[in-house]
Protein chains: 2
Amino acid sequence: MRKPAPQRKREIVGAVLDLAAKGGPDRLTMQAVADAVDLTQPAIFRHFPAKKDLWGEVARSIAEDMTQCWQGVLCGAGGPEEKLAALVSAQLSLLESRPAILAIVFSHELQFENAHLRRIFHGLMMQFHGHLQGLLADGRSCARAGVDPVDAAFLIVALVQGLALRWSLTGRTFSLAGEGRRLLELQLAGLNAPAGRSTCEGTAR
Amino acid sequence: MRKPAPQRKREIVGAVLDLAAKGGPDRLTMQAVADAVDLTQPAIFRHFPAKKDLWGEVARSIAEDMTQCWQGVLCGAGGPEEKLAALVSAQLSLLESRPAILAIVFSHELQFENAHLRRIFHGLMMQFHGHLQGLLADGRSCARAGVDPVDAAFLIVALVQGLALRWSLTGRTFSLAGEGRRLLELQLAGLNAPAGRSTCEGTAR
DNA sequence: TCACATAATTAGTTAGCACTAACTAATTTG
DNA sequence: CAAATTAGTTAGTGCTAACTAATTATGTGA
């Protein structure tokens, strides 16, 4: 019944991740959180003085999971080519298994209200971009000469994020990781291919 | 002071687009809308019986602008290659000039609350995808043989959406259309390039 | 076993929200 | 110009949210 504070805090953060995935992070109430962990509403305020502190802890927990997920891939075996594909795959799998992350990225809380939250997630995105860029630069077979690794990495980041947005808009009806693998392969084939003409430039208004 | 209803309705929708861009669509209150058009709050309810009806009208207005923007490009001069680049450019410019659109796409209202809104925006995305796919299929120089136009179009949609998300996360600090032009060129060069090896497949976990 | 720290509760407060009822003033129309 | 229509107002309802004060129960170390 009565539990030590650190354990309770973890329980609460877990409940928030659950609830945010189901009903969205913006209308998430402290009452709903309290119900989920079988406490009264003011008890939550004992552990988190204000709601934004709760969001801060949630973001910290997500950041930890994400960087750990990436480290697992980067420290593993395989060349840059394999690691690149594995990194994207791992990221998509993580997003798929924790829908709360996307819900928070798209949330009002992050987009407008909570600058701290926004900074954390933007930082994570840039870390992800940095890993991709490094792998693209290392493995020369990942991208042909003349391709800027920074831009190429942004294309892959956009692939992940754009795909994730479509997954959200369709109500999470397809397999994020599955669709991602196919599109990534197409994308990498393009980046790796010997310099193709870019016929569509120039006349763009 | 007193105005005919259709004009007032348009004013109100305009105010919503303004306010949604600034403070986000979710915490947008009927009071704020009323203040913006110099009316009392209940006056808004004379024109829109409930808040969701207001959102419906806003979505309708955005859909109209968007399809008109696309038609302008598609009915204009130029081959498929030029049109493809122009379409993406036009879309990014539209998103840049009306930040409310992205705010709504990322909103709780759309993501969780309002299924009608979600359907409208998903429909728009698929229309955009359809146009891209058509242009890719028509202009053979836009994508090399063996590239599925459906998937290639999804890559470009993801480019637009992922870039837009990054633009939002960074607080709209860079030029959406400018960055988009550069990335699109890289993307199209890849799709157009003579079949490159896809070295990064296979070992993805 | 008894004091002490702390987890949790009960019972509020304050504020903001969508929405309504009843009424008033302006515009249009016969 | 009178009657009907319609755009707008004032005042208020009911609800739900975050957060607080005072108090009670629970586990822990001397």
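Every chain is numbered from 1, with letters handed out A, B, ... down the list of sequences.
- Here the side chains of Trp167(B) and Glu96(B) are in contact, with some heavy-atom distance below 4.5 Å.
- The salt bridge (Lys or Arg N to Asp or Glu O under 4.0 Å) analysis of residues 29-45 of chain A, with sequence neighbours excluded, yields no pairs.
- Partners of Arg46(A) by side-chain hydrogen bond (donor to acceptor under 3.5 Å, both in side chains), not counting sequence neighbours: none found.
- At distances below 3.5 Å, not a single donor-acceptor pair connects side-chain atoms of Glu179(B) with backbone N or O atoms of Leu176(B).
- A heavy-atom distance below 4.0 Å to DNA chain C is reached by none of the residues of residues 8-26 of chain B.
- For DNA chain C, the neighbouring residues in residues 28-40 of chain A, judged by any heavy atom under 4.0 Å, are Leu39(A), Thr40(A).
- Nearest heavy-atom pair, Arg181(B) versus Ser89(B), reported as atom, atom and distance to 0.1 Å: NH1-OG, 3.1 Å.
- Within 4.0 Å of Pro42(B), counting heavy atoms only, lies at least one base atom of the nucleic acid.
- Considering only residues two or more places apart in sequence or on other chains, Arg119(A) meets the salt bridge (Lys or Arg N to Asp or Glu O under 4.0 Å) condition with none of them.
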For the pair Glu185(B) and Arg182(B), evaluate salt bridge (Lys or Arg N to Asp or Glu O under 4.0 Å) and give the outcome as yes or no after the intermediate values. CA-CA 5 Å; Glu185(B) 194 175 324; Arg182(B) 232 186 50 246; over 6 Å; no
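- Once rounded to the nearest 0.5 Å, the distance linking CD of Gln7(A) with CD of Glu11(A) reads 5.5 Å.
- The shortest side-chain heavy-atom distance between Leu17(A) and Ser61(A) falls under the 4.5 Å cut-off.
- Using a 4.5 Å heavy-atom threshold, the side chains of His129(A) and Val150(A) count as touching.
- For DNA chain C, the neighbouring residues in residues 43-60 of chain A, judged by any heavy atom under 4.0 Å, are Ala43(A), Arg46(A), His47(A).
- Take Gln41(A) and apply the side-chain hydrogen bond (donor to acceptor under 3.5 Å, both in side chains) test, not counting sequence neighbours, and it matches no residue.
- Inter-residue side-chain proximity for Leu163(B) and Arg166(B) is flagged as met; some heavy-atom pair is nearer than 4.5 Å.
- Among residues two or more places apart in sequence or in another chain, the salt bridge (Lys or Arg N to Asp or Glu O under 4.0 Å) test is passed with Glu113(A) by Arg27(B).
- Residues meeting the ring-ring contact (aromatic ring centres under 6.0 Å, His included) test with His116(A), sequence neighbours left out: none.
- With sequence neighbours left out, the ring-ring contact (aromatic ring centres under 6.0 Å, His included) criterion links His131(B) to Trp70(B).
- Counting 5' to 3', DNA chain C first comes under 4.0 angstrom of a heavy atom of chain B and last does so at the ends given by dC17(C) to dA26(C).
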Scan nucleotides 26-30 of chain D against the protein and return all N/O pairs shorter than 3.5 Å with their distances rounded to 0.1 Å.
{"from": "dT26(D)", "atom 1": "O2", "to": "Arg2(A)", "atom 2": "NH1", "distance (Å)": "2.6"}
{"from": "dT26(D)", "atom 1": "O2", "to": "Arg2(A)", "atom 2": "NH2", "distance (Å)": "3.4"}

